[in-house]
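Excluded from the calculations below are hydrogen atoms, water molecules and symmetry mates; all remaining heavy atoms, backbone and side chain alike, are included. All residue numbers in this chain count up from 1 along the given sequence.
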Amino acid sequence: MRRISSIALLAMTIFAAPAVSQTVPFGGAENDTSAPVEVSADDMLVNQSTGQAQLTGSVLIAQGDMRLSADKVVVKYDPQDQSRIASMDATGNVTLVQGEDAAEAGQAIYDVSSGLVTLMGDVLVTQGENVMSGEKIVVNLEEGTAQASGRVRTILQPGSSQ
């Protein structure tokens with residue numbers, strides 16, 4: 001049933017080429033935004049006075065079923081609790097993967113508390129053989145949805161199961 005609704009939602013975007021906004025399923029299921037966030041990188045610079053850390057080189061961030069990779073990520077810690085991550089700003093070769101869905105962009109901002117990942121700059125989302133692009137796509141990890149805005153374009157493959 002979920003696959004059929006995915007096809008129906010994506011099909012609507014074909015007829016709205018200059019669409020202002022479209023919502024599609026992303027990741028197949030909700031992500032556990034309360035799960036621990038695991039971060040790895042080649043280098044890390046922590047600045048206690050600003051409450052930020054800068055990670056560079058093969059950065060990989062994982063939380064539950066979600067994986068975010070980039071060349072550089074600036075991590076901002078919660079000002080009330082420096083042990084908690086408030087947000088992450090990823091730049092350069094950004095890739096977001098959840099389940100069988102994937103997205104690529106020039107930049108991504110992940111607000112950990114809200115579970116929203118905002119992808120910007122030549123965003124490309126793939127769901128199986130189906131492809132969607134837009135100027136900006138906001139992925140809601142808690143709801144398993146993606147909201148595309150700007151010039152949205154979708155390519156659907158006949159007979160696709162997504």
Side-chain angles (χ1 to χ4, degrees), residues 2 5-6 9-10 13 18-127 131-154:
R2 185 168 184 91
S5 64
S6 175
L9 286 171
L10 286 173
T13 63
V20 174
S21 176
Q22 295 292 325
T23 302
V24 296
F26 187 87
E30 298 84 16
N31 189 55
D32 182 5
T33 56
S34 65
V37 177
E38 182 182 337
V39 180
S40 64
D42 293 337
D43 296 298
M44 181 169 141
L45 174 64
V46 178
N47 186 330
Q48 294 288 345
S49 63
T50 64
Q52 295 185 3
Q54 180 175 296
L55 301 124
T56 55
S58 301
V59 181
L60 178 61
I61 298 164
Q63 182 182 40
D65 190 30
M66 186 270 303
R67 302 286 179 267
L68 176 72
S69 63
D71 295 335
K72 175 183 171 184
V73 176
V74 175
V75 177
K76 295 179 183 172
Y77 294 97
D78 184 333
Q80 313 305 353
D81 181 0
Q82 291 284 321
S83 67
R84 294 178 45 105
I85 295 172
S87 67
M88 293 180 255
D89 186 346
T91 54
N93 299 308
V94 176
T95 303
L96 174 69
V97 177
Q98 184 178 10
E100 295 181 18
D101 297 347
E104 297 176 3
Q107 179 181 11
I109 299 172
Y110 177 26
D111 183 318
V112 176
S113 63
S114 69
L116 297 178
V117 180
T118 303
L119 300 145
M120 298 163 284
D122 296 324
V123 183
L124 181 69
V125 175
T126 57
Q127 295 179 305
V131 179
M132 179 176 66
S133 64
E135 296 170 19
K136 176 180 168 184
I137 297 178
V138 179
V139 176
N140 185 322
L141 296 173
E142 289 184 5
E143 295 177 3
T145 62
Q147 177 81 31
S149 60
R151 179 108 176 130
V152 179
R153 181 176 173 182
T154 302

How far does [atom1] of [X] sit from [atom2] of [Y], to the nearest 0.5 angstrom?
{"X": "L60", "Y": "E38", "atom1": "CG", "atom2": "CD", "value": "7.5 Å"}
{"X": "S40", "Y": "L55", "atom1": "OG", "atom2": "CG", "value": "8.5 Å"}
{"X": "L116", "Y": "D111", "atom1": "CG", "atom2": "CG", "value": "6.5 Å"}

Do you know which two heavy atoms are closest between G99 and V97, and how far apart they sit?
->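 Answer, listing the atom of G99 first, then V97: O-CG1, 3.9 Å.
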Where do V123 and E135 come nearest, in terms of heavy atoms and distance?
->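 Result for this residue pair: CG2-O, 3.9 Å.
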For D65 and Q98, what are the C-alpha separation, side-chain angles and deciding distance, and is it a side chain to side chain donor-acceptor pair (under 3.5 Å)?
-> CA-CA 6 Å; D65 190 30; Q98 184 178 10; 4.9 Å; no
If we only count heavy atoms from C-beta on, is the L68 to M66 side-chain gap below 4.5 Å?
-> yes
Heavy-atom check, side chain of I109 versus side chain of M120, under 4.5 Å |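 With C-beta onward as the side chain, the pair touches.
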Who passes side chain to side chain donor-acceptor pair (under 3.5 Å) against D42, sequence neighbours left out?
-> none
How would you list, by chain and number, every residue that makes a side chain to side chain donor-acceptor pair (under 3.5 Å) with Q107, sequence neighbours excluded?
->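 Once residues adjacent in sequence are excluded, the partners of Q107 under the side chain to side chain donor-acceptor pair (under 3.5 Å) criterion are D89.
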Pairs where residues 71-82 contributes a residue and the test side chain to side chain donor-acceptor pair (under 3.5 Å) is met, not counting sequence neighbours |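 Counting only pairs at least two positions apart or across chains, the side chain to side chain donor-acceptor pair (under 3.5 Å) contacts touching residues 71-82 are D71-N93, D81-S83.
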Could you list all the side chain to side chain donor-acceptor pair (under 3.5 Å) pairs where at least one residue sits in residues 44-54, not counting sequence neighbours?
->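 Applying side chain to side chain donor-acceptor pair (under 3.5 Å) to every pair that reaches into residues 44-54, excluding sequence neighbours, yields N47-S49.
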V73 and side-chain contact (heavy atoms from CB on, under 4.5 Å): which partner among V94, I61, T91?
-> I61
Going by the side-chain contact (heavy atoms from CB on, under 4.5 Å) test, name the single residue among L124, V138, L96 that passes it with L119.
->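 Considering L124, V138, L96, a side-chain contact (heavy atoms from CB on, under 4.5 Å) with L119 is found only for L96.
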